[in-house]
Each structure stands twice: as structure tokens, then as C-alpha cells.
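What follows is a short report on a single structure.
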Amino acid sequence: MNALLRGTKSPFLKTRKIDANEFLRPYKQLLPDIVASAASLERALDLANALYLAFGNKGYPVRFAPPDQKLQRAKIEERETVRHDRKYGQYGHGTIWSPLRPTIAYLGAIPIGLVLTEMTERATMRYQNGKYVRESTLDRRQGRSILPSHSWTPEQDLPCGRFRAVAYSQPVGASRRERTRSPCAWAWLEALSGADQ
């Protein structure tokens, strides 16, 4: 297990109040940059461990950004299919947790931010027994719905169990708007993560 991930499962699970269909929002802020639901946390930690070990084996140890460097995390898109509207959380605009400091590895003197995020997919929800549940998981009997056809069915972006690794860089002195997912960072991430598979 990579040293950065050792003992992190418990702090990730100590979370603010969330619905069953939301990402964890841990109270602890100095954790690796991993965004996952409770159902997918174990897999997320395994994927992050493999990624961090691959980077370390190539001479790029993964660590937290030093507090004196004031590096800012890039805005990460969690939606698998980007649409004009975002419907994450109970009312369609929930917040997604991010750590106090980015998780980084250095490419020479350039810090490359690393994020492992579970993706969301658009799903139809149905109100049942006082809460919204994913329509595709509801009980069906003999091809006929047991629910009334007139019940409320909003759509929501839900964690889906599939993950995306994101690498980003921010040139020294660049503003948040100038930060990009640079081709250099992408090529580096692809080369390192694919080398040991």
C-alpha cells in the first residue's frame, strides 16, 4: 500500500451527511484527491494505490502539495456525459468534496496534480417510501410496474462506479483560469499508468 493511502479508508468514511446517491464528503481535509461514493471507496483506493505505486516505481513519488506553494486544484468534471445542465445532489446543485491541498507528483520542477474521481451518469429517479431511488433498481413483477404511472420521476447525476484519472498542471504564476490539463501532463499520466499493466 502506498504510504499516502495508508489508513485513509476510515477518514473517508467519516463524512458529512449525504444521501445514498452522493459522493463521500469527509470531515478531514488533508486526504488524497479521491472522489468516490461509499459503495465504490474500496475500489477507488485500490486504483489510486496502483496509480501511485506506478508513479513511484518510475521515480515520481506522489505526495501532498507543500503548504507554502499555494497550488490550487483544477475544477474536475465528474459527469461522464457533459450536458448543459448539472443535476448532482438532492436539488441538482450539490457540492463535491475536494481536499485541502492537491495530490501531486513532480515532473522535473513542475508539479502535476492528480485526481481520481468516480464518474456520474444521468439516471431517472422515482419517489418510493419517502425517498428517491434509481428507477432501474425498482422491483418489477411480470413485466408490469408495481408503481403508479403518475409518480414524480426527476433525473439526477449519480455515481456510477466507473473512474477517471485526471492529471493537470498550473504554470508558476498562472491564474486559476490559465490552468489546463496540459498535453504534457496527459501524456505523462498515460505513459505511467499504462506501463505496468
Side-chain angles (χ1 to χ4, degrees), residues 1-2 4-52 62-65 71-105 112-138 153-168 170 176 179 181 185 189 193:
M1 173 77 57
N2 182 277
L4 201 63
L5 296 169
R6 211 169 284 132
T8 58
K9 183 177 180 182
S10 179
F12 268 112
L13 290 173
K14 290 180 184 166
T15 183
R16 292 166 180 82
K17 185 179 178 189
I18 57 171
D19 288 335
N21 298 316
E22 292 184 335
F23 294 120
L24 296 170
R25 295 178 57 219
Y27 288 106
K28 186 172 182 179
Q29 288 292 302
L30 192 56
L31 286 170
D33 203 342
I34 299 170
V35 177
S37 62
S40 297
L41 179 61
E42 193 73 41
R43 183 160 178 261
L45 293 173
D46 289 343
L47 289 170
N49 185 51
L51 188 65
Y52 296 177
V62 177
R63 62 190 83 172
F64 294 121
L71 297 174
Q72 294 180 338
R73 180 184 191 259
K75 182 178 180 345
I76 305 300
E77 179 60 66
E78 83 285 353
R79 295 175 294 176
E80 202 166 52
T81 304
V82 179
R83 300 174 186 220
H84 70 282
D85 59 343
R86 184 173 177 272
K87 295 184 176 186
Y88 173 76
Q90 185 176 6
Y91 299 108
H93 39 73
T95 58
I96 295 176
W97 177 86
S98 62
L100 178 65
R101 298 197 315 247
T103 301
I104 62 166
I112 304 293
L114 300 172
V115 179
L116 183 66
T117 183
E118 184 175 0
M119 304 303 296
T120 61
E121 64 185 357
R122 187 66 52 96
T124 302
M125 307 295 284
R126 194 171 285 272
Y127 196 73
Q128 183 180 45
N129 298 329
K131 62 181 178 179
Y132 284 100
V133 293
R134 189 186 290 245
E135 187 176 50
S136 62
T137 63
L138 294 176
T153 56
E155 289 186 329
Q156 192 173 350
D157 294 329
L158 304 177
C160 63
R162 293 181 293 275
F163 286 85
R164 173 186 290 168
V166 179
Y168 62 91
Q170 177 182 8
R176 178 172 240 168
R179 179 179 25 263
R181 294 182 185 101
L189 177 63
S193 62

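Remember, it's a predicted structure, so these values are computed and weren't measured experimentally.
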* Under the side-chain contact (heavy atoms from CB on, under 4.5 Å) rule, collect the residues that match up with E121, sequence neighbours excluded. => E80, R134, C160, R162
* Under 3.5 Å, side chain of R164 to main-chain N/O of E118, donor-acceptor pair present? -> no
* Between I76 and V35, is a side-chain contact (heavy atoms from CB on, under 4.5 Å) present by the stated rule, with each step listed? -> CA-CA 10 Å; I76 305 300; V35 177; over 6 Å; no
* Structure fact -> Between F12 and the options F23, Y27, W97, the ring pair (Phe, Tyr, Trp, His ring centres under 6.0 Å) test singles out W97
* Test L24 against I18 for side-chain contact (heavy atoms from CB on, under 4.5 Å), laying out the working first. => CA-CA 7 Å; L24 296 170; I18 57 171; 4.0 Å; yes
* Asked: Does any non-hydrogen side-chain atom of I104 lie less than 4.5 Å from one of R63?
  -> yes
* **Gap separating the CD atom of E22 from the CD1 atom of I96, nearest 0.5 angstrom** => 9.5 Å
* **L31 CG to K14 NZ distance, which is reported to the nearest 0.5 Å** => 11.0 Å
* **F64: partners by ring pair (Phe, Tyr, Trp, His ring centres under 6.0 Å), with sequence neighbours left out** => none
* Could you give me the CA-CA distance, side-chain angles and deciding distance for L71 and R101, then say whether side-chain contact (heavy atoms from CB on, under 4.5 Å) is met? => CA-CA 7 Å; L71 297 174; R101 298 197 315 247; over 6 Å; no
* Nearest-0.5 Å distance that lies between atom OG1 in T103 and atom CD1 in I112 -> 13.5 Å
* Asked: What's the spacing between S10 OG and K28 NZ if we round to 0.5 Å?
  -> 9.5 Å
Donor-acceptor pairs under 3.5 Å, side chain of residues 41-51 to any protein atom, not counting sequence neighbours: which ones?
unit_1 : atom_1 : unit_2 : atom_2 : d
E42    : OE1    : K9     : NZ     : 2.6
R43    : NH1    : G161   : O      : 2.7
N49    : OD1    : N2     : N      : 2.7

